[in-house]
Every structure is written in structure tokens, then in C-alpha cells.
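Throughout, a chain's letter reflects where its sequence line sits, starting with A, and its residues are numbered from 1. Side-chain atoms are counted along with the backbone in the values below, which use heavy atoms only and exclude waters and symmetry mates.
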2 protein chains.
Amino acid sequence: MTLQGRQLKVNYAYLQIAEEIETQILDGKLKPGDRLPGEVELAQMFGVTRSTVREGLRQLEADGLVHRPTPRRLEVAEPQTDKLTTRSSRAMTMMKVSFRDLWQVAMVTEPLAAELAAQCRTEEELDDLSALHDRLCRARGIAEMIELDMQFHSAIAEMSKNQVLILARDPITRMLFSGFQRVAPAAPNAARRQAEAHGAVLDHIAAGDAEGARDWARRHIEDFRRAIDLAGLMEDTPF
Amino acid sequence: MTLQGRQLKVNYAYLQIAEEIETQILDGKLKPGDRLPGEVELAQMFGVTRSTVREGLRQLEADGLVHRPTPRRLEVAEPQTDKLTTRSSRAMTMMKVSFRDLWQVAMVTEPLAAELAAQCRTEEELDDLSALHDRLCRARGIAEMIELDMQFHSAIAEMSKNQVLILARDPITRMLFSGFQRVAPAAPNAARRQAEAHGAVLDHIAAGDAEGARDWARRHIEDFRRAIDLAGLMEDTPF
DNA sequence: GGGCAATTATTGTCAGACAAACCGACATTA
DNA sequence: TAATGTCGGTTTGTCTGACAATAATTGCCC
């Protein structure tokens with residue numbers, strides 16, 4: 001057995017501070033909404049300078065573990081989907097993921113969302129979704145339609161009450177839709193088909209028909225591919 | 001119409017610096033591996049103090065956009081899956097997602113991964129996967145088995161070549177498996193069923209039978225649920 | 001040309017300072 | 001009473017300047 005030379009990392013003060021606070025948050029000793037002491041106090045708690053504390057805080061801030069509603073309120077943040085979404089989208093942009101990759105995954109997430117939504121929707125949510133659908137039907141202009149389309153899908157995902165699904169699909173659909181803007185003009189009667197599919201999904205969710213909702217959602221995303229194919233963008237990189 | 005009070009954010013110097021560098025990276029003006037100037041130089045470029053630059057850099061560092069192989073090398077980082085996985089897992093932990101949520105999503109991601117893997121596997125990847133399977137069959141001890149099981153699934157995901165899928169499923173399966181450790185002891189003959197399912201998935205992938213691979217993967221994850229149900233943990237929170 | 005030591009440059013951290021802004025409390029007004 | 005204006009103490013964002021440790025680079029020697 002040879003000696004294992006694990007890369008030992010020097011822990012700089014600012015990192016230790018960030019880690020310390022991080023573990024306290026993850027262990028639940030600090031709960032979302034809890035207020036943290038001021039920088040000077042933190043500094044003397046940890047026995048370092050304010051500058052050092054600040055560097056640590058900046059990390060935690062970027063991590064989304066703490067946030068400042070106002071400069072002098074520093075509190076433990078609640079887990080926020082949007083920050084993670086941004087990060088994932090960025091990673092995907094840098095990886096230059098293809099339309100096909102996005103579509104293939106959306107092809108399983110969106111039907112699942114519809115299926116689950118059909119199982120545990122509430123009346124209120126149904127009304128909201130219905131209202132969204134109406135707005136979408138009346139929408140003029142591609143950009144507006146795409147934005148509403150995305151909201152429609154997100155609303156369904158929210159109805160699924162599945163946090164994991166919500167978290168996972170958000171960056172994906174966001175990228176897919178934003179990429180779709182470049183494709184939409186090439187798909188002439190996409191709008192009609194879209195309205196039809198949305199209507200069907202909505203009806204099946206309302207009726208509590210999980211399988212119907214799933215199948216229509218799948219069909220809807222399949223349509224999506226047709227439009228992308230038509231524009232010859234399947235292999236291309238979005239954004 | 002009521003007055004819209006959009007939260008206007010003051011842009012502090014350190015944030016502007018972070019944003020500026022971020023956009024240059026995302027726009028491709030700075031590519032992964034590119035080296036950035038030292039802190040003093042950056043400071044005078046932006047017309048601020050070194051402390052201010054540092055705070056901005058700490059953010060970018062936490063964002064995973066830049067990294068320091070050694071303290072004095074500051075370079076643009078490549079998008080790294082693992083950092084994102086950590087963040088997602090953390091968010092899921094804080095949200096106290098349920099086993100059911102994780103399982104429901106895995107129920108669609110894992111079959112998809114198997115399906116795609118069957119379509120574009122290479123001989124070399126097949127050999128690796130087969131080796132992994134052998135190791136898993138010989139493994140003793142629950143912890144080791146679970147670790148290898150997870151590796152088996154990850155390997156299949158990698159074979160799918162779908163970056164989006166890889167990115168999305170990683171945190172999910174990671175949490176699912178790590179939660180599974182608490183369940184495994186309660187499922188006596190899980191090991192045999194698991195070996196069987198893995199073998200079948202492997203065979204179908206090798207044969208290029210996408211549908212077969214997908215179906216067996218689905219069955220495999222379904223088994224998973226049985227074990228969790230048995231332990232009465234479906235509603236509970238993992239971790 | 002390659003390996004080693006000496007020099008230089010850069011980092012992590014510190015101490016202290018200042019203006020701006022925020023927060024909370026208080027006084028004022030309707 | 002409730003809303004609005006005022007004021008002082010805090011705390012932040014940023015700055016200046018400094019120092020030890022150490023990585024990077026240079027020059028030297030073989």
C-alpha cells in the first residue's frame with residue numbers, strides 16, 4: 001500500500017468562517033429568517049478582521065445561504081429555486097448543451113408534472129391555470145406567447161407539489177423556451193396546436209385524469225420537437 | 001392601477017465587478033482556463049481598492065465561475081457538475097424534500113438514461129459498466145453496495161451523453177441513494193433483485209435495445225420504492 | 001539544456017479610517 | 001390616534017496602508 005497523498009487544502013480564515021456558518025445553517029442551528037450578528041461582532045467572535053469576515057460572507061451570499069434584504073440586515077436565506085436555476089442555466093450555457101438534450105429531458109419531466117398535477121390539484125390552482133390559458137389564447141406576439149407558455153408549464157409543475165421536480169425542470173424548460181424564440185417564427189400553425197394541447201392538458205388535470213394529462217403533455221412536447229426540427233436546430237446549441 | 005414598486009437594487013462596486021467578469025465569461029470573451037490578472041491590476045482596472053476586488057472575486061469563486069488552482073493563479077473555471085450538485089442537494093435538504101418526491105423523479109430520469117445509453121453506448125463504456133456490475137455482485141456490506149449501485153447508475157447516465165440529464169439527475173440520485181442507506185437493512189433480498197435488474201439493464205444496453213433497457217430500469221426503480229415502502233419511509237424526509 | 005537557489009511579486013490577513021445609509025426612537029402635525 | 005418629519009447612533013461599503021508567507025520567475029551553475 002503506497003502512501004496516499006491526499007491533497008490537503010489549507011483552510012484560509014475566510015473559508016473557515018464560511019464553512020462554520022454553513023454547517024450551522026445546514027444542521028438547523030440557524031434557521032431561515034434568523035438574523036446574524038453584525039460584521040464587527042462576527043469579526044471578534046471569530047477573532048479575525050472585518051475584511052476577512054466580509055470575504056466569507058460574500059461567499060455565503062453567493063451560495064444563497066445568507067442574504068441581505070437591506071445592507072444592515074444579514075439573515076439566513078430560505079432555499080430559493082431561482083438562484084439555483086440561474087446557476088444551472090449558466091452551466092448549461094457554458095457546456096453548450098444541444099436542443100436535443102434539453103428536449104429529451106423535458107420529454108419526461110413535463111408529462112410527469114402534468115400527471116402529478118392531475119392527482120393533487122386544488123380548485124384555486126385550477127382557476128389560476130385556466131386564467132393563464134385564457135390569457136395565452138388571447139396573446140399576440142411571439143415573445144408574449146412564449147413567456148405565457150412557460151408560465152403555464154411552471155404552474156403545472158407547481159401543482160405537482162413535488163419540490164424535486166420543480167427544482168430540476170425549471171432551468172431546463174427555461175432554456176428550452178428561451179431557445180424556442182428563435183424557432184417559433186418558422187412554425188406557422190404552432191400556436192393553434194399549442195392552444196389545443198394546453199386545453200387538453202388543462203381539461204384532463206381538471207378531471208383528475210392523470211394518464212390523460214400525461215399523454216397530452218407528452219404530445220405537446222413532441223410537437224415542440226417538430227418545430228425545432230423544422231428549423232433544423234436540433235443539433236445546434238441554444239442561446 | 002396601483003403603483004408598481006419594483007425592488008430597485010443599488011449596485012455596489014464589488015457586485016459590479018463580479019457582474020462584469022461574469023458577463024465576459026458567459027459571452028465567451030473569457031474562456032475556461034484563461035488566466036485573469038492579479039488583484040492589484042484588477043483593482044486599478046476597475047478603479048477600486050483591492051479589498052473591493054477581493055469581495056467580488058469571492059463571489060465569483062463561490063459561483064464556480066473562477067477558481068484558484070493555487071492562490072496566485074486565478075483562472076476561469078470550467079463548468080463543474082459536482083459543485084452544482086452540492087448546491088442542489090443543499091437546497092433539497094433545506095426544503096426537506098420527501099423520499100416520494102425524489103423517487104417520482106428518479107422514476108423518469110433513470111429509465112431515460114438507460115434508453116439513451118442503449119442508443120449511443122461505445123464498446124469501452126460497456127466494458128466499464130460490465131466491470132462495475134461484477135464488482136457490485138461481489139460486494140459485501142451495504143454501504144459499499146449502495147456506493148457501487150450509485151456509480152452504476154451514474155455510469156449509465158454518462159453513457160447517455162446528455163449533459164442536461166446528467167446535470168439534472170445527479171443530485172437527485174445522490175440523495176436518493178444516500179437516503180437508501182437507512183432503508184436497505186429492512187429489505188432482505190433486495191440485493192438479489194438488484195443484481196438481476198442491473199444485469200438485465202446491462203444486457204439490453206449492450207444489445208442496443210433501448211426499450212428493453214428503459215423498461216428494466218423502470219422496474220429497478222420501482223423495486224426501490226418497495227423497499228422504501230417496507231420501511232415506511234415514503235412520506236418521511238431523507239437525510 | 002536542466003536542476004537548483006535567490007529574488008520578486010502576489011496573496012491572505014491585519015489595523016484603522018471615513019462618508020453614506022439605515023434603523024429606531026422621538027417629536028410633530030393633522 | 002395615526003401618519004409624517006427629524007435626529008443621532010450604528011453599521012455598512014469602501015479606502016489606505018502595511019506585513020508575513022509563499023508561489024512564480026529569474027539567474028546561476030553544472
Side-chain angles (χ1 to χ4, degrees), chain A residues 5-25 30 32-77 83, chain B residues 2-3 5-25 30 32-77 83:
Chain A
R6 214 172 26 80
Q7 182 72 14
L8 45 86
K9 59 177 171 216
V10 187
N11 259 356
Y12 298 112
Y14 76 95
L15 283 179
Q16 288 183 44
I17 290 170
E19 274 170 30
E20 172 63 20
I21 297 181
E22 172 174 337
T23 57
Q24 292 210 20
I25 292 177
L30 290 169
D34 282 2
R35 194 167 175 181
L36 292 172
E39 296 177 355
V40 259
E41 193 172 336
L42 283 173
Q44 55 200 41
M45 276 175 62
F46 288 106
V48 296
T49 327
R50 200 159 72 93
S51 328
T52 307
V53 167
R54 296 190 115 240
E55 292 186 29
L57 289 180
R58 294 284 104 95
Q59 288 237 165
L60 292 172
E61 227 168 292
D63 278 357
L65 279 169
V66 305
H67 87 260
R68 299 186 195 263
T70 135
R72 19 193 84 181
R73 265 197 93 82
L74 176 67
E75 52 187 44
V76 179
K83 210 153 206 164
Chain B
T2 49
L3 173 62
R6 222 178 10 87
Q7 184 74 14
L8 44 85
K9 63 177 170 217
V10 188
N11 259 358
Y12 298 112
Y14 75 95
L15 282 178
Q16 287 183 45
I17 290 170
E19 273 171 30
E20 172 63 21
I21 298 180
E22 171 175 336
T23 58
Q24 292 210 20
I25 292 177
L30 290 169
D34 282 2
R35 193 166 175 184
L36 292 172
E39 295 176 356
V40 261
E41 195 172 333
L42 283 172
Q44 56 200 42
M45 275 174 62
F46 287 106
V48 295
T49 329
R50 198 159 73 91
S51 332
T52 307
V53 167
R54 295 189 116 240
E55 294 187 29
L57 290 181
R58 294 283 103 95
Q59 287 236 170
L60 292 173
E61 231 167 288
D63 277 356
L65 279 168
V66 305
H67 88 281
R68 299 185 195 264
T70 131
R72 21 194 83 183
R73 264 195 93 83
L74 177 68
E75 53 188 43
V76 179
K83 209 153 207 165

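- Annotation: the span from Asn11(A) atom CG to Glu19(A) atom CD amounts to 5.0 Å, rounded to 0.5 Å.
- Dashed line: the shortest gap from a side-chain N or O of Thr70(A) to OP1 or OP2 of dC23(C) is under 4.0 Å.
- Among residues two or more places apart in sequence or in another chain, the side-chain hydrogen bond (donor to acceptor under 3.5 Å, both in side chains) test is passed with Glu75(A) by Arg73(A).
- For residues 40-50 of chain B, every residue pair satisfying the side chain to side chain donor-acceptor pair (under 3.5 Å) rule, not counting sequence neighbours, is listed here: Glu39(B)-Arg50(B).
- Checked options Leu65(B), Leu30(B), Leu60(B); the residue passing with Val76(B) is Leu30(B) (criterion: side chain to side chain contact (heavy atoms under 4.5 Å, CB included)).
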Report, as a single string ordered 5' to 3', how protein heavy atoms within less than 4.0 Å touch nucleotides 7-17 of chain D: B base, S sugar-phosphate only, - not at all. --BBBBBBBB-
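- Looking at residues two or more places apart in sequence or on another chain, you find no salt bridge (charged side-chain N to carboxylate O under 4.0 Å, His left out) involving Arg72(A).
- Rounded to a whole Å, the CD atom of Gln16(A) is 14 Å from the P atom of dG12(C).
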Apply side-chain contact (heavy atoms from CB on, under 4.5 Å) to residues Ile25(A) and Asp34(A) and explain how you reach the verdict. CA-CA 10 Å; Ile25(A) 292 177; Asp34(A) 282 2; over 6 Å; no
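- Across Ala62(A) and Ala62(B), no two heavy atoms sit closer than the pair CB-CB, 3.7 Å.
- The terminal axes of the helix from dG1(C)-dC30(D) to dA30(C)-dT1(D), fitted over 5 pairs per end, subtend an angle of 30° to the nearest 10°.
- The salt bridge (charged side-chain N to carboxylate O under 4.0 Å, His left out) check on Glu20(B) picks up nothing, with sequence neighbours excluded.
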